[in-house]
Protein chains: 2
Amino acid sequence: MNISTKTEYAVRALTELAVNSIDKPVSINEICKKQNLPVKYIEQLFRKLKQNELIKSIHGAKGGYQLALEINNISLKDIMEAVDENYVAPFCNGKPEDHVHCIGLPCAFKELWDEIKEHMENYFDSIKLDQIVARL
Amino acid sequence: MNISTKTEYAVRALTELAVNSIDKPVSINEICKKQNLPVKYIEQLFRKLKQNELIKSIHGAKGGYQLALEINNISLKDIMEAVDENYVAPFCNGKPEDHVHCIGLPCAFKELWDEIKEHMENYFDSIKLDQIVARL
DNA sequence: CCAATTCATACTAATTTAATATGTTATCCT
DNA sequence: AGGATAACATATTAAATTAGTATGAATTGG
């Protein structure tokens with residue numbers, strides 16, 4: 001029940017894009033130098049962010065990344081989902097065959113876990129990148 | 001950013017207490033049989049729950065555990081805190097010397113992480129054991 | 001063509017988490 | 001009194017996850 005390093009790094013890196021990639025792409029190297037992040041790790045995260053179409057890339061020298069969406073249209077939830085896939089996993093899907101501790105059909109606790117999950121998703125979705133940047 | 005197994009197990013076990021320990025203590029063995037949980041693991045969790053004064057114990061044969069507080073006075077936050085200590089850790093305390101990626105003093109992101117932390121704590125504190133039991 | 005850069009996969013190391021093992025202490029019941 | 005039951009305590013192991021590294025191919029600007 002923690003914010004993962006992946007999420008932290010991704011948020012840090014994306015704020016760099018938000019601020020500096022408006023007119024020109026920004027390379028991972030630049031970002032990592034500024035934010036003191038491990039280059040190869042960020043490469044991996046950026047690939048996922050790109051797959052999720054939160055950022056777009058320009059290949060080759062003088063290439064780099066830019067946001068693919070408006071800054072107020074990228075939420076913390078989007079970032080977490082991209083980078084941390086099951087950042088709030090339904091570890092109990094209500095089926096005893098999948099989750100050994102489930103009792104009853106559907107499992108009596110499923111409703112609770114689902115409610116928590118939904119609350120968290122809504123909350124993280126309410127935090128947009130522009131709000132994060134505004135506070136820096 | 002997940003509900004840990006520890007929390008899941010503790011919640012399951014505590015609902016057993018909530019329902020069955022009103023007049024007599026309930027042993028870990030009984031609980032684990034019913035909920036299909038690993039006895040020795042639950043012992044560890046219960047020790048922490050006791051240290052946090054959420055449950056009380058009776059030693060020896062015919063002994064077991066009972067809730068130490070009213071059922072509506074135990075929140076999911078209390079449980080998580082007891083069992084999962086830093087279930088929502090302030091991984092960034094704002095000091096570069098403690099968290100390598102912090103930039104600036106205080107770190108520009110500290111406010112955001114703190115806000116998220118506070119929101120989650122409030123939310124989990126709003127979910128009480130009686131509400132959980134009521135839905136089973 | 002070369003440097004800078006994205007893109008892709010595989011691997012390793014570190015950390016955390018879940019679970020087990022072993023044993024002690026306290027209390028009830030016959 | 002003694003055996004059974006159950007809490008209490010600590011150490012260890014095993015599994016899983018996460019963070020980070022290594023290697024290298026593909027792309028593009030100058």
Side-chain angles (χ1 to χ4, degrees), chain A residues 1-10 12-13 17 21 24-33 35-66 68 80 83-89 91 99-101, chain B residues 1-10 12-13 16-17 20-21 24-33 35-66 68 80 83-89 91 99-101:
Chain A
M1 187 54 63
N2 268 310
I3 294 187
S4 69
T5 303
K6 279 174 194 163
T7 297
E8 188 204 347
Y9 288 6
R12 285 178 185 273
L17 284 196
S21 78
K24 55 172 198 311
V26 176
S27 76
I28 285 178
N29 253 300
E30 285 179 70
I31 291 169
C32 290
K33 225 168 264 170
Q35 293 276 343
N36 187 26
L37 297 169
V39 173
K40 285 290 170 185
Y41 200 52
I42 299 302
E43 277 188 6
Q44 291 174 51
L45 300 185
F46 267 40
R47 220 170 309 128
K48 289 182 185 171
L49 291 168
K50 199 193 166 187
Q51 278 161 18
N52 281 258
E53 298 179 56
L54 300 181
I55 59 177
K56 58 192 174 187
S57 65
I58 295 168
H59 240 289
K62 300 280 168 189
Y65 293 89
Q66 289 177 302
M80 289 171 135
V83 127
D84 222 11
E85 34 266 329
N86 15 2
Y87 73 102
V88 60
F91 69 85
H99 186 61
V100 281
H101 302 299
Chain B
M1 187 54 60
N2 269 310
I3 294 189
S4 68
T5 303
K6 280 173 193 163
T7 297
E8 187 204 349
Y9 287 8
R12 286 177 185 273
E16 283 294 323
L17 284 195
N20 299 317
S21 78
K24 54 172 200 311
V26 176
S27 76
I28 285 179
N29 252 298
E30 285 179 69
I31 291 169
C32 290
K33 227 168 262 170
Q35 293 275 344
N36 187 26
L37 298 169
V39 173
K40 286 291 173 186
Y41 199 52
I42 299 302
E43 277 187 7
Q44 292 174 52
L45 300 184
F46 267 39
R47 220 170 308 130
K48 288 183 185 172
L49 291 169
K50 198 192 166 186
Q51 278 162 18
N52 280 258
E53 298 180 58
L54 300 181
I55 59 177
K56 57 191 175 190
S57 66
I58 295 170
H59 241 289
K62 299 282 167 187
Y65 293 90
Q66 290 177 302
M80 288 172 136
V83 125
D84 223 10
E85 34 265 331
N86 16 3
Y87 72 103
V88 58
F91 69 85
H99 187 64
V100 281
H101 302 300

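Basis for what follows: all heavy atoms, side chains included, without hydrogens, waters or symmetry-related copies. Every chain is numbered from 1, with letters handed out A, B, ... down the list of sequences.
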Can you tell me if [X] touches the phosphate of [N], counting only side-chain N or O atoms and a distance under 4.0 Å to OP1 or OP2?
X: B/Y65; N: D/dC8; value: yes
X: B/Y41; N: C/dT17; value: no
X: B/K50; N: D/dC8; value: yes
X: B/Y9; N: C/dA19; value: yes
X: B/T5; N: C/dT17; value: no

What is the separation between atom [atom1] on [X] and atom [atom2] on [N], rounded to the nearest whole Å?
X: B/K6; N: D/dA16; atom1: NZ; atom2: C1'; value: 13 Å
X: B/K48; N: D/dA7; atom1: NZ; atom2: P; value: 18 Å
X: A/K24; N: C/dA4; atom1: NZ; atom2: P; value: 18 Å
X: A/E8; N: D/dT18; atom1: CD; atom2: P; value: 15 Å
X: A/H59; N: D/dT27; atom1: NE2; atom2: P; value: 6 Å
X: B/I55; N: D/dA7; atom1: CD1; atom2: P; value: 9 Å
X: A/E30; N: C/dA4; atom1: CD; atom2: P; value: 13 Å
X: A/I31; N: C/dT6; atom1: CD1; atom2: C1'; value: 12 Å

Taking the side chain as every heavy atom from C-beta outward, state whether A/R12 and A/L37 have any atom pair closer than 4.5 Å.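 Yes. Closest side-chain heavy atoms under 4.5 Å.
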Within the supplied structure, the quantity of interest is the number of heavy atoms (other residues, nucleotides, ligands) at a distance under 6.0 Å from B/K24 NZ; does it exceed 12?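 Yes - once you tally the heavy atoms of other residues, nucleotides and ligands closer than 6.0 Å, there are more than 12.
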What nitrogen or oxygen pairs link the protein and nucleotides 8-13 of chain C at under 3.5 Å?
unit_1	atom_1	unit_2	atom_2	d
C/dA8	N7	A/R47	NH2	3.0

Measuring from A/S21:OG to A/I58:CD1, what's the distance to the nearest 0.5 Å?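 Nearest 0.5 Å value for the OG-CD1 distance: 9.5 Å.
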Rounded to the nearest 0.5 angstrom, the NZ-CG distance for A/K56 and A/L17 is 11.0 Å
Acceptor/donor pairs from residues 39-53 of chain B side chains to any protein atom, 3.5 angstrom cut, sequence neighbours excluded:
unit_1	atom_1	unit_2	atom_2	d
B/K40	NZ	B/E43	OE1	3.4
B/K48	NZ	B/E85	OE2	3.3
B/K50	NZ	B/S57	OG	3.0
B/N52	ND2	B/K48	O	2.9

Taking the minimum atom-to-atom distance to the side chain of A/P38, which one of D/dT27, C/dA18, D/dG20 wins?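 My answer, after comparing the listed nucleotides, is D/dG20.
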Between A/A61 and A/S57, name the one whose nearest nucleotide on DNA chain C is closer to the 5' end.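 Comparing both residues, the 5'-ward one is A/A61.
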Nearest heavy atoms of B/K62 and B/P25, plus distance in Å: O-CG, 3.5 Å
When the nearest nucleotide of DNA chain D is assigned to A/K62 and to B/I28 on a heavy-atom basis, which residue is associated with the more 5' position?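 It is B/I28 whose nearest nucleotide is closer to the 5' end.
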